[in-house]
Amino acid sequence: MVLLQISEPGQSPEPHQRRRAVGIDLGTTNSLVATVRSGTPETLLDNEEQHLLPSVVHYDATGEVAVGRFAYARSSSDPLNTLVSVKRFMGRGVEDIKTLGSQLPYEMVASGSSDSNNASGMPYFKTVAGNISPVAASAEILRVLVERAELALDGALDGAVITVPAYFDEAQRQATKDAATLAGVKVLRLLNEPTAAAVAYGLDQGGEGVIAVYDLGGGTFDISILRLSHGVFEVLSTGGDSALGGDDFDRALAQWIAEQAGLNEDLGPYEQRQLLIEARKAKELLSEQVQVKISVAGWSGVLDRNQLNTLIDPLIDKTLRSCKRALRDAGLKSNDVANVVMVGGSTRTLRVREKVADEFGQEPLVNIDPDRVVAIGAAIQADVLVGNKPGDEMLLLDVIPLSLGIETMGGLMEKIIHRNTTIPVAKAQDFTTFKDGQTAMSIHVLQGERELISDCRSLARFELRGIPAMVAGAAKIRVSFQVDADGLLNVSAKELTSGIEAHIEVKPSYGLNDDDVTRMLKESYTHAREDMQLRALREQQVDADRMYEDLLAALNEDGRQLLNDDEYHCLEVALKDLDKIRQSENHREIARHIEMVSKTSEEFAARRMNASIQKALAGHSLDDVEKDV
Amino acid sequence: MDSTSNYFEIFGLPVSYQVDLSLLSERYRDMQREFHPDRYANKPAQEQRIAVQYAAVINQAFSQLQSPLLRAQYLLSLKNIEGQGDAQITRDPLLLMQQIELREKLADIAQANNAFSLLEEVAEAAESEYIALQKVFDQQYSESKFQEALETIAKMQFFSKLLVEVEQREHELDD
């Protein structure tokens, strides 16, 4: 046990020191943060004892940023500088925003620094504090939640699970990850909101079988069908609408009120916001009483439940059609569903519960607060991912919500990975050149279900150059797609006869390019409420500690079996160096060492993985023998 | 483990067309429990990378073995016999007739007012043919009649596609 001499007594990190991990529900209307303490998941309160942080960001001329209730209070008096429902704009282009509705009170401008692939550009909100991207506004919300968590957990976070609607496409996921990068949060995983809710309920009820999660938030609707079996949550299918939610109820209601009150179509931003606030109040009251009185702009009238139902039924019906489709995709009927779980504040609307109960032939579960259930599920997953529950059986097998493919001749989309495929996934397909002497091939990566590329979302374009000139059809170009466990895509292309390769990490057209991220990070330094250098150092130290612990444990466990003396000695020395450097104050030096140790131990890691496969396989053949007897 | 690994071996199952699907699912979950990237979230970056690759292979292997059609194709590919996909046309005249009939039925359905029950009829006919063909394939494969088995796959492909189309029609009718 030579290795044990490496660390000084009392200096070695506690082997089972709890790591600080949170789940964050970055919602359209409200956001929350939760963590697992003493084995129980709980949402964290702010200093006014509130769980919910309104997802509202207010900017003033001095550059001061306010988030939450204080910002929400400004939404009527200063609508142009108060950003609400920014989630609806995440990963969207200017063109998309136009189709989102003309009732937006904001002034939007196209991004100046968008990448060249992107014709329409990323939208920015024009505020007195300058142009603000949806990603930057989301980062402000995340920062507040992270601060709340760090205060409650008394230290820097080791990581967070951030939830996204299952229906979020590649661009929207990437934008969410960019926001986390900007806020300085380490993302353990992007988790689909319905999956998170299923985790919260699944573990709560200890139930097995098929779970349908109906998630109607402020701006998005998701339906997911999952199977829970021996602690494994397998997502069978997902569906939904990334631009449909309770806000649309409010809008339908506001429009009705405007008509009744004889208000002019072209209301100013202030009146519009006022109307929406009144509409939402009325909607919420109708969950408790049969009718409400409404007064706006000198008009007053009465709204009852029947009238509300008439206004919102078409919207609810739209969600039920998605439910049918998701069930069909999963190869199931509604009576196969053991439990229906309700998520999202908009499921408080009684009519929604009624119609969902009708559709599935059973009362949906509502015993966990629909506003908090997603954050709670995310916290449970974060606790597992960060390594606080070794040996835990829980595992989530998620799927991609939309098909991925490339453009082929004639403007058609050729699907390479179909929607509802379990991730991670890697698929390759071969293509060829169509002209004699063709030396380059343009690869256009798309997402969507339709055949025509104009109906799909364009994710990225890249070129494979240097193909040796051959007759048409002779070159063999293999395009490989890899989707990781966050649902994010990598694409590479290789000409097989020559070995020429091109590779792209798909930065969707509407995400931020690296320059944007760097620029925005710089900007945020000036606003920084804490020393970023210190944070970087702390993060590197955490990484170095983790690597040190892991490698030490691995070497002790099976270093002698899997390595020869030279290799073993080499790793030992690298580990000793890492131990010395991890206590220094130089975060770049630590990062360099982490990288070095990582390279040195790569082969060892591969051998360990292979050894565990052998073990897993050996287990199987034993089973087989027993079964055959 | 990589994309060239034998999918049956990955799950410790005998190489055969007959697969115990519940055992396959169980083994699949066991393997994912071992190698899913979530299990390595906390581990060094290179182990995470390897885990993503392994989990992708496991997913691919599972979906290939789970589907009766893909499993048949995979078994023949292990014998280095690959069909030309859709170009493989069956020469069985009876089956051709049946195909034309079912396609016509499907085409007429859009106008019919009992569309759902007609669709159900087509689906049932296609389903029972599909299952019968699986038995035929199993027989041919176990007798090493691989060329004939390849033709059976072409027929299976037709019915599997038809079933997908029926589903899409149902889809459209619902909306």
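The sequence lines fix the lettering, A, B, ..., with proteins before strands; numbering per chain opens at 1. Excluded from the calculations below are hydrogen atoms, water molecules and symmetry mates; all remaining heavy atoms, backbone and side chain alike, are included.
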Which of [options] touches chain B most, by non-hydrogen pairs under 4.5 Å:
options	result
A:V425, A:L385, A:V483	A:L385
A:S601, A:A554, A:G387, A:S598	A:S598
A:A426, A:A606, A:S229, A:A485	A:S229
A:E234, A:E602, A:K427	A:E602

Quick one, [X] and [Y] - any side-chain contact, counting heavy atoms below 4.5 Å?
X	Y	result
B:H36	A:P424	yes
A:L395	B:R29	no
B:F62	A:L397	no
A:H230	B:E26	no

Should the heavy atoms of other residues, nucleotides or ligands under 6.0 Å from [atom1] of [X] be counted, would the total exceed 12?
X	atom1	result
A:E451	CD	no
A:K494	NZ	no
B:Q66	CD	yes

If you measure from CZ on A:R227 to OG on B:S25, what distance do you get to the nearest 0.5 Å? 8.0 Å
To the nearest 0.5 Å, tell me how far B:I58 CD1 sits from A:T422 OG1. 12.0 Å
Which bit of B:D38 comes within less than 4.5 Å of chain A, counting heavy atoms only: side chain, backbone, both or neither? both
Contact part of B:Q60 toward chain A, heavy-atom cut-off under 4.5 Å: side chain, backbone, both or neither? side chain
Of all the heavy-atom pairs spanning B:E47 and A:A605, show the shortest one and how long it is. CG-CB, 3.5 Å
Under 4.5 Å heavy-atom distance to chain B, tell me which part of A:M609 shows up: side chain, backbone, both or neither. both
Using non-hydrogen atoms only, which part of A:I423 is less than 4.5 Å away from chain B: side chain, backbone, both, or neither? backbone
